[in-house]
4 protein chains.
Amino acid sequence: MLKVGVMGVRGYTGEELLRLLLGHPDVEVCCVQSRVERPQKLSELLPAFAKKTDLVCKNHSPEEMAKGCDVVFLALPHTVSMGVAPRILAEGKKVIDLSADFRLKDTSVYERYYKTKHLHPGLLKNSVYGLPELYREKIKKSALVANPGCYPTSILLAAIPFLKRKKTSGAFFVADAKSGVTGAGRSSTGAFQFADVNESFKAYRVGEHQHVPEMEEILADALGEKMQVVFTPHLVPINRGILSTLYFPLSEKMTTGELVRVYSEFYRNESFVRVLPEGVFPEVKNVLYTNFCDVAVKVDEERNVAVVLSALDNLMKGASGQAVQNMNLLAGFTETKGLL
Amino acid sequence: MLKVGVMGVRGYTGEELLRLLLGHPDVEVCCVQSRVERPQKLSELLPAFAKKTDLVCKNHSPEEMAKGCDVVFLALPHTVSMGVAPRILAEGKKVIDLSADFRLKDTSVYERYYKTKHLHPGLLKNSVYGLPELYREKIKKSALVANPGCYPTSILLAAIPFLKRKKTSGAFFVADAKSGVTGAGRSSTGAFQFADVNESFKAYRVGEHQHVPEMEEILADALGEKMQVVFTPHLVPINRGILSTLYFPLSEKMTTGELVRVYSEFYRNESFVRVLPEGVFPEVKNVLYTNFCDVAVKVDEERNVAVVLSALDNLMKGASGQAVQNMNLLAGFTETKGLL
Amino acid sequence: MLKVGVMGVRGYTGEELLRLLLGHPDVEVCCVQSRVERPQKLSELLPAFAKKTDLVCKNHSPEEMAKGCDVVFLALPHTVSMGVAPRILAEGKKVIDLSADFRLKDTSVYERYYKTKHLHPGLLKNSVYGLPELYREKIKKSALVANPGCYPTSILLAAIPFLKRKKTSGAFFVADAKSGVTGAGRSSTGAFQFADVNESFKAYRVGEHQHVPEMEEILADALGEKMQVVFTPHLVPINRGILSTLYFPLSEKMTTGELVRVYSEFYRNESFVRVLPEGVFPEVKNVLYTNFCDVAVKVDEERNVAVVLSALDNLMKGASGQAVQNMNLLAGFTETKGLL
Amino acid sequence: MLKVGVMGVRGYTGEELLRLLLGHPDVEVCCVQSRVERPQKLSELLPAFAKKTDLVCKNHSPEEMAKGCDVVFLALPHTVSMGVAPRILAEGKKVIDLSADFRLKDTSVYERYYKTKHLHPGLLKNSVYGLPELYREKIKKSALVANPGCYPTSILLAAIPFLKRKKTSGAFFVADAKSGVTGAGRSSTGAFQFADVNESFKAYRVGEHQHVPEMEEILADALGEKMQVVFTPHLVPINRGILSTLYFPLSEKMTTGELVRVYSEFYRNESFVRVLPEGVFPEVKNVLYTNFCDVAVKVDEERNVAVVLSALDNLMKGASGQAVQNMNLLAGFTETKGLL
């Protein structure tokens, strides 16, 4: 049994991680951390876990977590993780970090978007971006996995097969994305009040979202050349789910059928990416509570543009499910274990 | 008092029209039609109207409607209106048609998208597209107003000020639109079941929606040249509201502030288009139950793309509210009467 | 034109009041107050009001409000209103208070439920409970109207016709009520986060809600004897609306039809209470954005219990709509003016 | 491995059953049936199952199902199951029926509520009501389990501990219940249209719901005497979940703490009923996608009434989860297997 722990267990991603890890047949959850004043039964803090676990939640130090665990998940806020991860790595244990702290190799970009100096730039050369479909072999050997953002997972999985074939005529592509409310994390600020979100719909951080540099950095690495993303995130009044719609001007004529084959071929051996048949489009409801990312393509032949759509559950393939997939890789388990 | 009637009063747009017309100070609603088997009190069919009106709903013929009314609103399904409108016009009365039947001047396009032959192509040269911000003077003099589709209203109002300045470098622009469920009309087919829509999100009719030719025809007329629209409609689990996000590659550098001024200038005298200040973006909740269309712009300077967003209530500015605005123009009333 | 002002304009009820008052043909809104740091255009604070009003929001003192207005609405938090109202009354102006501060005649009950001493008990003998269906004549002559709570409006209108006939065999009745989220007011505490409310449902303050003594006091006054209410409020994931389900053990046999007649007779002359025909039950959607309260009854003859249901919009008949109805009474306007 | 099959796999409960059975470690799903015109991959019918199973859906006869399976689940409409079950039993295989067809022992009541003659009254003496908390030992030995309705599960689990102590003074109790939309099953009639349900709330079948006799029959059996239920079901705009609120007049004084202890003791050894601590109340979100039923009690001491609340997921403990729990009992598996 692999011994694991979760720091930040009371956030949306921490709670979802715990749900998955408790159901994983080869894992034992040894310790869960949150900023509680005194040790407390987890089921008092999160009543959904009553009769599912007797775990006690404590405000463990990173060293205490490392002592009891083989792998520690950090479901902590951005800018907090980077102070915690090195203390666990120093004890010889592995870290899967769900924050953005180890995703960007360029610290000047990190500092511009996250408004603080990076404390451990030296670790960045060892961290691996935890998107198994791109970096599977590196993940298996890594001690520090930077679990991707939810939007980047959704958009990169949709864009990569197309862009690897160098078929677009543009220097950028449009990624119009729509997310449920948990994508933004649990807030104590009064944002995301029910009556302000329900029966509404809006874009936010237009042209300024921190996931843009994350996507552009990975695209440059994966493609070997620069590709820009014009990205607009929107807030959908649902709890979970992301749907992204990408637009690529075509450099040559092609049919929808041809493009479906490109994608199907690319993801033939992937367990968690499902390329939909021609004429079928992704729906959030089909991926809810699963680790799948559904992808579909459609060529607008009259206007010579390829439209690519993808859907995933932001708490699963967009965060905690993908983190467990990465843990399976780290630990040498079957990649789908505990996720089907 | 202007005497008006509504045919198809039990659909979403018919019901909304009636709500507005009953509250209009210079209008008397004389007859309401629906395919009822026998005359029935409207409040028995639509309990929300109890103690608001004593109108009786009958399956009136077009001629009966014409006899009792100065203006007849057709809230009928596409392909049905075109048989009804001429019979009312023949009696010398005016028609505001909320269906698509008189919007497209090119009947071959109509027939391709609506799968039926147009019965009265001769009327198309007299019908006017009821978007007051573009065709106000023509509407005032017309006897047959083709009330625009909800998506086209939302997208044309967002696109026109930009395109009139000829600032885009492309032959097409992307319009990624998101609509509430009433946009599709009340269905008896079992589509739009609650549990299939709620907590989900999806695109539909990707690259095939019948509003594409409607927009492209009006753009060609307004701009004097062809402009293509790559359009993807999405279904949001809300009752009412459309938000559209448009992307224009820029042919020259400009700032967000400069573009805000272009839009503010363009809509300076409009009562129902609100250009938002820089940094503020439209939200569906701000336009619900109003006839406003909120528009905002943002230039992504690094990628040289203008993003334009618009929001409206699909049953108001996207259908019935706009129909009343058109009626005010036809009748010589103040344009905002009964709509604020 | 009646000159009116609103204090606390940025809460849900304040915003709704303003929407109604701006549309009222015989009213001029002269001043709106909120705790802003500096005077600000209302449309900057509440973008939904752009192009609807040029009002400037200031942190006016009660005396400033009184100087400019004939009637001042207090949409302020409980325990704040009681310090403000006397300062406006002292200037000879009228007050319609939407808080609970002047509803309970018994200050010991007030102090038990609202956890603070009442500052002006002397005013309580002059305040009138603003439920027009019960206290219409008193309201017309009053200078201080205590606008009822949303739950009490819904439950009292459903209970009174039955109880006046003294047909129940019990010393209490059950009122199981369900409310949308705006019923609790806009919060800055992080309660009512979207993802905690959406797709969930719960009871709250079971057996402890502050509306219980409000209902019991009015029932005692209206019936001339004590009647207890076993009340459970529930939170529905909708923005607006209350549906209450009441259960009365019958002291004698009666049919649903007989009970429908009792209610229809009782509310025959009321503009805003609609008694539904036998077999039809209230739905929140039929009262949204209206000042109606829909009431239906059903006798479970096998178990000898009468079930009474009522629905209203908590921001309209449950708060701001009723406040305007009360203003119409105070000012001598037609009671329905600006509300249909 | 236990071989199982599902008939009616495309309904909400069928789909949920399949999801659970595919994840069950000791079960092999051998055949799935639906009224398809030709055999079709399940993932074409239900895209959510792509890459999860290669099952082919056929319109199997009951005999074909029996041949391939040890246990057959019937997720068929009421009145259909009763013709199917005997044909499977005749082959010596076991049946878990999710319809109402074998729940009521009194066929005259069945015929009154389901409007058709019962075809196999003889089977009723062998069928067992599949509520493990009441009938565990009988279920283990049965070949035909009548899986309970969702409302009755929710209400019986909340009522039984109280009523077994004979502490109520009444001949009936009030059960005010609220259900998500999937509780009514997938409909092809156009009922439950999104825009009619969303942002609304209503009661339905007031005093006439078919679950009343189901509850009263089981109560009589469990208590040894008649107890009536005044039951009002309501429709909540959520996909899944039931919350029931029960009211019992007390025959003697007791505190909330005392009543919590009665319930805790009663359910001490149950894996799927969680009695909440004093002051904590059930929320639908805590039981979603789980087989738990959460129960809480509160005594209104001033009015001498006990309020009991329960929450469950209508597709899990209210249908398919409970069906799997029953299968575990039939098969001699640990009762919680595949359900945690």
Side-chain angles (χ1 to χ4, degrees), chain A residues 170-180 195-208 212 216 228-232 234-243 245-247 249 256 279 281-288 296-307 309 311, chain B residues 170-180 195-208 212 216 228-232 234-243 245-247 249 256 279 281-288 296-307 309 311:
Chain A
F172 68 86
F173 65 90
V174 166
D176 190 285
K178 303 87 178 173
S179 173
D196 292 337
V197 172
N198 183 46
E199 290 301 289
S200 195
F201 187 87
K202 66 171 179 179
Y204 62 100
R205 293 201 217 163
V206 182
E208 294 174 355
V212 172
E216 291 184 346
Q228 289 185 309
V229 187
V230 175
F231 171 59
T232 311
H234 300 77
L235 187 67
V236 191
I238 57 177
N239 284 354
R240 306 160 69 116
I242 286 181
L243 189 129
T245 313
L246 284 61
Y247 299 87
T256 299
F281 297 104
E283 306 191 25
V284 162
K285 69 173 177 164
N286 288 330
V287 296
L288 282 181
V297 300
K298 166 87 182 188
V299 175
D300 182 336
E301 294 188 35
E302 230 168 290
R303 291 157 201 85
N304 213 29
V305 172
V307 182
L309 297 121
Chain B
F172 68 85
F173 65 91
V174 166
D176 190 284
K178 301 86 178 173
S179 173
D196 293 335
V197 172
N198 183 47
E199 290 301 288
S200 195
F201 188 87
K202 65 171 180 180
Y204 63 99
R205 292 201 216 165
V206 181
E208 294 173 357
V212 171
E216 291 184 347
Q228 289 185 309
V229 187
V230 174
F231 172 60
T232 312
H234 300 76
L235 186 67
V236 191
I238 58 178
N239 284 354
R240 305 160 69 115
I242 286 181
L243 190 129
T245 313
L246 282 61
Y247 299 87
T256 300
F281 298 104
E283 306 191 24
V284 161
K285 69 173 178 164
N286 288 331
V287 295
L288 283 181
V297 299
K298 166 86 182 189
V299 175
D300 182 334
E301 295 190 33
E302 230 168 289
R303 291 159 201 84
N304 213 30
V305 171
V307 182
L309 298 121

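- Taking every heavy atom of both residues into account, A:Lys178 and B:His234 meet most closely at NZ-NE2, 3.3 Å.
- The contact between B:Phe201 and chain A is made by backbone and side chain atoms together, counting heavy-atom distances below 4.5 Å.
- The contact between A:Leu288 and chain B is made entirely by side chain atoms (from C-beta outward), counting heavy-atom distances below 4.5 Å.
- Looking at B:Val212, the atoms closer than 4.5 Å to chain A (heavy atoms on both sides) all sit in the side chain, from C-beta outward.
- The candidate with the highest count of non-hydrogen atom pairs below 4.5 Å against chain B, out of A:Leu309, A:Asn198, A:Thr232, is A:Thr232.
- The two residues A:Glu199 and B:Val284 make their nearest non-hydrogen contact at O-CG1, 3.8 Å.
- The contact between A:Val230 and chain B is made by backbone and side chain atoms together, counting heavy-atom distances below 4.5 Å.
- Interface remark: A:Glu301 contributes no atoms to any contact with chain B (heavy atom separation under 4.5 Å).
- For chain B, the nearby part of A:Pro282 is the backbone; its heavy atoms alone come within less than 4.5 Å.
- Annotation: maximal heavy-atom pairing with chain A below 4.5 Å, among B:Pro237, B:Ala171, B:Gly207, B:Gly180, occurs at B:Pro237.
- Here A:Leu243 is the residue among A:Ile242, A:Leu243, A:Leu235, A:Asn286 with the most heavy-atom pairs under 4.5 Å with chain B.
- In terms of non-hydrogen atom pairs under 4.5 Å with chain B, the most contact-rich of A:Val307, A:Ile238, A:Asp176, A:Val299 is A:Asp176.
- Across B:Asp300, B:Val197, B:Asn239, B:Val287, the residue that shares the most heavy-atom pairs under 4.5 angstrom with chain A is B:Asn239.
- If you measure heavy-atom distances from B:Ala203 to chain A, the contacts under 4.5 Å come from both the backbone and the side chain.
- Ranking B:Arg303, B:Gln228, B:Arg240, B:Lys285 against chain A, the residue ahead of the rest is B:Arg303, based on heavy-atom pairs under 4.5 Å.
- To the nearest 0.5 Å, atom CD of residue B:Glu302 and atom CD of residue A:Glu216 are 7.0 Å apart.
- Contact annotation for A:Val206: both backbone and side-chain heavy atoms come within less than 4.5 Å of a heavy atom of chain B.
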